[in-house]
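Contents: one structure, followed by commentary.
A note on names: the letters A, B, ... follow the listed sequences, proteins ahead of strands, and every chain is numbered from 1. Just so it is clear, the values below take in all heavy atoms, side chains as well, and ignore hydrogens, waters and symmetry mates.
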Number of protein chains: 2
Amino acid sequence: MDEGPRFSPLYRQIKERLLAGLEAGEWKPGESIPSEVDLATRFKVSQGTVRKAIDELAGEFLLVRRQGKGTFVATHTDEDHSQYRFLRLRPQEGEQEYPASRLLDCHRGRASAEVARMLELRLGEGIVVLKRVLYFREQPVVLDEICLPGSIFKGLTAARINGYSGSLYSLFETEFGTRMIRADERIRAVPADGEAADSLRVKERTPLLCVERVAYTYGDRPVEFRRGLYRTDEHFYANKLA
Amino acid sequence: MDEGPRFSPLYRQIKERLLAGLEAGEWKPGESIPSEVDLATRFKVSQGTVRKAIDELAGEFLLVRRQGKGTFVATHTDEDHSQYRFLRLRPQEGEQEYPASRLLDCHRGRASAEVARMLELRLGEGIVVLKRVLYFREQPVVLDEICLPGSIFKGLTAARINGYSGSLYSLFETEFGTRMIRADERIRAVPADGEAADSLRVKERTPLLCVERVAYTYGDRPVEFRRGLYRTDEHFYANKLA
DNA sequence: GAGTGGTCTAGACCACACT
DNA sequence: GTGTGGTCTAGACCACTCC
């Protein structure tokens with residue numbers, strides 16, 4: 001009956017130990033981890049075995065290797081545009097752009113059945129709800145509603161968000177120690193309701209993309225549920241299939 | 001000025017030689033390639049170097065490794081559901097399902113400006129156009145229009161498609177020697193026009209997902225452009241972000 | 001048991017970044 | 001030059017599949 005793995009290679013055990021170190025905050029986002037030789041010595045294995053463990057973590061974008069410099073903990077805070085790793089919107093014409101954000105609302109609430117299920121909370125547990133609009137070239141394109149577990153994001157306020165110059169995920173990892181490492185999205189087409197029409201400056205019932213995202217941190221723990229409504233007259237959602 | 005790679009490691013050269021063999025049809029989809037030891041001997045490198053080349057090809061889903069059995073050329077024809085590798089539609093409720101297809105039309109035409117650009121053809125070059133509906137549980141969910149270069153798909157007819165019991169990509173690789181190895185999709189929300197409303201049994205102007213796909217074969221050559229209109233009242237488009 | 005892919009080691013050398 | 005990750009080798013042994 002049981003279908004658990006009967007065999008765990010050494011490099012995977014090393015991977016788990018590195019993962020534990022990352023989760024425990026032994027090395028912080030943007031910092032470098034010890035060299036492969038150091039880790040091999042510490043774990044009493046060969047460098048090749050450490051390499052294979054790091055290879056997998058780099059493949060999952062938890063670590064970033066830089067030849068000649070070292071291996072670094074991935075971050076949503078980098079100067080380059082890795083802060084927009086999860087943004088799939090592209091302009092119909094012209095170069096890739098990055099959005100400006102305007103916060104509409106930030107309040108406490110209680111988990112509905114839907115949110116509780118998505119975030120693995122109990123019904124009615126405390127959450128934080130954000131609303132915001134994303135602008136490309138001064139044009140509103142995305143209306144986001146974002147639900148977060150209150151227990152993790154205790155001190156989160158509108159002022160805190162508005163006073164921060166970076167992406168939300170950058171703020172989450174810097175100020176709340178919670179790193180988003182992967183996410184699942186579900187996409188549907190819906191008609192704009194009054195609020196969306198208003199915020200995005202389209203007519204009611206205009207077709208919009210409805211993008212629901214659950215983002216996960218270490219250990220596959222869900223820590224964000226968001227629903228975005230996207231205008232797609234001048235942008236599209238890009239996806240690569242392999 | 002030039003930014004080409006200054007250095008190509010051995011395993012990447014081996015990878016290119018394997019790729020050339022795949023493209024030339026030296027090993028056909030579903031068949032096994034020679035063992036790592038054989039290839040190492042043939043290419044006069046160590047087994048580890050061959051391994052690394054195969055690792056990359058397996059990571060791109062061009063090869064599939066099976067411990068104890070060998071390494072096989074990937075296919076869209078497998079009994080398992082790898083034939084639906086590119087299908088991202090999931091039911092809102094219940095288990096994953098796989099669609100039935102009904103061909104509406106198959107005719108020759110000439111490449112419009114848009115299609116010519118997408119398929120890297122000259123304006124007016126011969127193409128084949130397919131229209132079909134995909135059904136989940138007897139319900140129409142997707143209306144597809146598929147454009148293919150006429151030069152590659154010479155003998156493609158409605159009869160040929162209807163007489164084939166497998167996915168389109170399976171037919172393409174089996175009968176036309178053209179394997180789809182990756183694809184880019186662009187997703188927007190659009191209102192149903194008369195034809196879509198009719199085919200999908202929804203009201204006109206119902207919001208639908210518009211999914212445009214360009215599929216590529218070896219050497220990044222585009223060989224299919226399709227536009228799908230998806231009902232998303234009982235299904236959604238699933239995507240994993242990492 | 002023979003053959004295949006998968007793991008692990010130890011050591012040599014290359015490419016790159018910093019100082 | 002020194003230290004980092006990246007490549008390559010050769011060989012031993014493990015896990016899985018099939019005969």
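For the pair A:Leu39 CG and D:dT4 P, the interatomic distance rounds to 11 Å; values are reported in whole Å. Look at CZ on B:Phe7: it is 12 Å from P on D:dG6, rounded to the nearest Å. As a whole-Å value, the separation of B:Tyr11 OH from D:dT7 P is 4 Å.
With 3.5 Å as the limit, one finds no donor-acceptor pair spanning the side chains of A:Gln83 and A:Tyr98. Side chains of B:Glu224 and B:Tyr169: a donor-acceptor N/O pair is present below 3.5 angstrom, by distance only. In summary, the side chains of B:Asp55 and B:Tyr11 do not present any donor paired with an acceptor at a separation below 3.5 Å, with no hydrogens or angles considered.
The side chain of B:Leu10 lies closest to D:dT9, out of D:dT9, C:dT9, C:dT7.
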Output a table of nitrogen or oxygen pairs between the protein and nucleotides 2-5 of chain C separated by less than 3.5 Å.
| from | atom 1 | to | atom 2 | distance (Å) |
| --- | --- | --- | --- | --- |
| C:dG3 | N2 | B:Gly68 | O | 3.0 |
| C:dT4 | O2 | B:Gly68 | N | 3.4 |
| C:dG5 | OP1 | B:Thr71 | OG1 | 3.3 |
| C:dG5 | OP2 | B:Glu36 | N | 2.9 |
| C:dG5 | N2 | B:Gln67 | NE2 | 3.2 |

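At the phosphate of C:dT9, OP1 or OP2 sits under 4.0 Å from a side-chain N or O atom of A:Thr49.
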Between side-chain atoms of residues 14-29 of chain A and protein atoms elsewhere (two or more places apart, or another chain), which donor-acceptor pairs fall under 3.5 Å?
| from | atom 1 | to | atom 2 | distance (Å) |
| --- | --- | --- | --- | --- |
| A:Lys15 | NZ | A:Glu56 | OE1 | 2.9 |
| A:Lys15 | NZ | A:Glu60 | OE2 | 2.9 |
| A:Glu23 | OE2 | A:Arg221 | NH2 | 3.4 |
| A:Glu26 | OE2 | A:Arg42 | NH1 | 3.4 |
| A:Lys28 | NZ | A:Gly25 | O | 3.1 |

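By the 30° and 60° cut-offs, the orientation of the rings of B:His76 relative to B:Phe86 is perpendicular.
Evaluation of the ring pair (Phe, Tyr, Trp, His ring centres under 6.0 Å) test over residues 144-166 of chain A, restricted to residues two or more places apart or in two chains, returns A:Phe153-A:Phe172, A:Phe153-A:Phe176.
DNA chain C lies under 4.0 Å from no heavy atom of any residue of residues 12-30 of chain A. Interface residues of residues 57-64 of chain B facing DNA chain D, ordered by number: none; criterion, heavy-atom separation under 4.0 Å.
Residue B:Ile152 holds its CD1 atom at 9.5 Å from NZ of B:Lys154, rounded to the nearest 0.5 Å.
More than 12 heavy atoms of other shown residues, nucleotides or ligands fall within 6.0 angstrom of atom CZ in A:Arg160.
A cation-pi arrangement is present between B:Arg66 and B:Phe72, with the terminal nitrogen or guanidinium carbon under 6.0 Å from the aromatic centre and inside a 45° cone about the axis. A cation-pi arrangement, defined by a distance under 6.0 Å to the six-membered ring centre and an angle within 45 degrees of its axis, is present between B:Arg182 and B:Tyr216.
In DNA chain C, runs of at least 3 stacked Watson-Crick or G-U pairs (N1-N3 plus N6-O4 or O6-N4, or N1-O2 plus O6-N3, all under 3.5 Å) give these stems: C:1-18 with D:1-18.
Using a 4.5 Å heavy-atom threshold, the side chains of B:Ile187 and A:Arg88 count as separate. No side-chain heavy atom of B:Arg132 sits under 4.5 Å from any side-chain heavy atom of B:Ile161.
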